[in-house]
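What follows is a single structure, written as structure tokens, with notes after it.
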Amino acid sequence: MLSPTSPRGEARDIVIDGDIIADIVAPGSVASENADVLDASRRLIIPGLINAHTHSHGGLSKGVGDLWSLELLLNAAPWISGSRSAEDKHLAALINAVEHVEKGATACYDLFFEFPAPTVEGLEAVASAYDSVGLRAVIAPMVADLTFYQSLPGMIDALPQDARARARDISMGKADTTIEALRTLAKRWSHPRDRLRLGVAPTIPHHCTKEFMIACRDVAREHGLIMQTHVGEARYQSASSFKIFGTSMTKTMDSAGIVGPWFSAAHAVWLDSDDMDVLAARGAQVAHNPGANLRLGSGISAAREYLRRGVTVGIGTDGAASSDNQNMFEAMRHASFVSRARGLPPGEWLSTHDALRLATEGSARVLGFHDLIGKIAKGYKADLVLLDLDHVNYIPLNSATHQLVHTEDGRAVDKVLIGGRLVVSGGRAIGIDKAALAAKAQAAVDRLGALNADARRFAERIEPMVSNFCRGLADDEVLAGLHRLLPH
Ligand SMILES: [Zn+2]
């Protein structure tokens, strides 16, 4: 198994009792007559990787939209994710979950979106998908009381005359109804808390009125739920926060009492040093999504600066609509690489050891599962990934950690256990008929494509105006010389 001291790992037997690691011992030192034995010879055993930020509704959206910045993705959201039945929501989550486990991830933080408001039926559709694959998860309904168009003052007026009424007519569920739906979900949630946990995700600060954010916080605090929000993902968003709230997103959320040990900021690209200090002082965490930030041209999050302040950082992929895969090996590699592209001296880059720690222990903390997962240790859940050391990714084996982060692409994943249960064997999720899944998914995207065709035409027509408007917002900040936005 992976070892912090031996670059090629150490031979060990791992004793699993129920879903827990009961002991880690020298090979052959435990009597195995009454035990099921899983042969792990020529296998590198690592803790399951943990995805600190994804969106299960993205499971049907990989490969959608190429030259898209974040605002163009948000503009397209109604047609990408619209008109879905509970079965479609289940299907998207199932695809996401299968990709997670087949690529060595054993838990995720899912910000799941339903329009216009979360439903018990939708959440249960997602939970049942995770149950059938075995993936551990936080499922946080992603909520807002303003649409993307309403969230940016002046945007609707910047659209062509004949598009304004339509943009104005799109609306989220009423704030009270959404908050009540969250409360109902929290009361009814019956899944074991060590398997599937409920969270609350006010999606983006300026897509929420302050009253709405406070109401979300109240539900979360009443029921002991963790929270995550996209914070400062794109520069235009950070700029708009100053325009709308008169201060940064982080300080706005902090003044609403949201920022605390139960809270994580997803992306956290356009935060200044004061914002970082706020996160550190409150014991909040960061979900670092370097791949999606590159894909959407959002920027590079200053992971090292957060770590230096003692902020826990986890690593995420983001949803497949903005990262196109759910590959945590690739996410670790991105985290390592982008840390080297910020002009810092090599000693300040993320080492491969750092990247692996962030994607395991760091992400476990973001999910609030840090006492249960993220390590191979006695008393922890038996969430383990077995990598084939005869795969070309490990020929030769010089440094297990380094090769996990900079070489591994998920193709050496042989077996995956979650809570001691074998969920992947021979690199394939157990009990999943891929051909049937592919047929179902293709039928769903064809049907939804027809249903959402008009919404798609509308979004595509206004793309240039949306892009110009948001770029203008970001440029205003540059022209104003607001160096506070630069995370150095
Ligand atoms: Zn996201």
Side-chain angles (χ1 to χ4, degrees), residues 50-62 64-65 68-78 80-81 89 92-93 95-96 99-100 105 107-115 118 126 137-144 147-148 151 199-208 216 226-238 249-250 253 258 263-271 284-301 303 313-328 330-331 334-335 338 359 363 366-367 470:
I50 303 168
N51 190 348
H53 180 77
T54 184
H55 303 283
S56 61
H57 53 274
L60 286 170
S61 310
K62 59 170 78 93
V64 170
W68 274 357
S69 54
L70 178 63
E71 61 269 23
L72 295 182
L73 172 62
L74 294 173
N75 177 53
I80 300 179
S81 304
K89 293 165 190 173
I95 295 166
N96 232 40
E99 187 169 4
H100 271 86
C108 75
Y109 198 138
D110 173 12
L111 278 67
F112 166 59
F113 180 67
E114 290 181 273
F115 182 83
V126 172
V138 172
I139 309 174
M142 192 164 79
V143 291
T147 65
F148 167 61
S151 77
V200 177
T203 177
I204 297 167
H206 65 96
H207 289 219
C208 305
C216 287
I226 61 171
M227 301 182 78
Q228 189 175 100
T229 296
H230 300 83
V231 183
E233 179 175 354
R235 191 165 196 165
Y236 85 86
Q237 295 184 326
S238 180
M249 287 183 160
T250 309
M253 301 195 84
I258 288 179
F263 175 78
S264 49
H267 298 279
V269 176
W270 295 100
L271 277 67
Q285 308 97 51
V286 164
H288 180 33
N289 302 283
N293 293 340
L294 292 173
R295 154 80 146 94
L296 299 175
S298 299
I300 297 175
S301 178
V313 176
I315 294 179
T317 57
D318 210 344
S322 58
S323 75
D324 301 293
N325 69 30
Q326 303 290 300
N327 188 336
M328 283 297 297
E330 185 180 281
H334 281 140
V338 300
S363 292
V366 173
L367 268 68
C470 291

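Note that the coordinates shown come from a computational prediction; the quantities given were computed from them, not determined experimentally. Order of appearance sets the numbers: ligands from 1, and atoms from 1 within every ligand.
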task: Assign the ring pair H53 / H55 to parallel, tilted or perpendicular, where the plane angle (0 to 90°) is split at 30° and 60°.
output: perpendicular

Nearest to the Zn ion (ligand 1) - the N/O/S atom of H53, by atom name: NE2

message: Distance check below 2.8 Å: does H55 bring an N, O or S atom to the Zn ion (ligand 1)?
response: yes

query: Is the Zn ion (ligand 1) less than 2.8 Å from at least one N/O/S atom of D318?
result: yes

- request: Specify whether Y236 and H206 have parallel, tilted or perpendicular ring planes, treating 30° as the upper limit for parallel and 60° as the lower limit for perpendicular.
  value: perpendicular

field: CG on L70 to SG on C470, rounded to 0.5 Å
entry: 8.5 Å

message: For a quick check under 3.5 Å, do D318 and H267 share a side-chain donor-acceptor pair by atom type?
response: yes

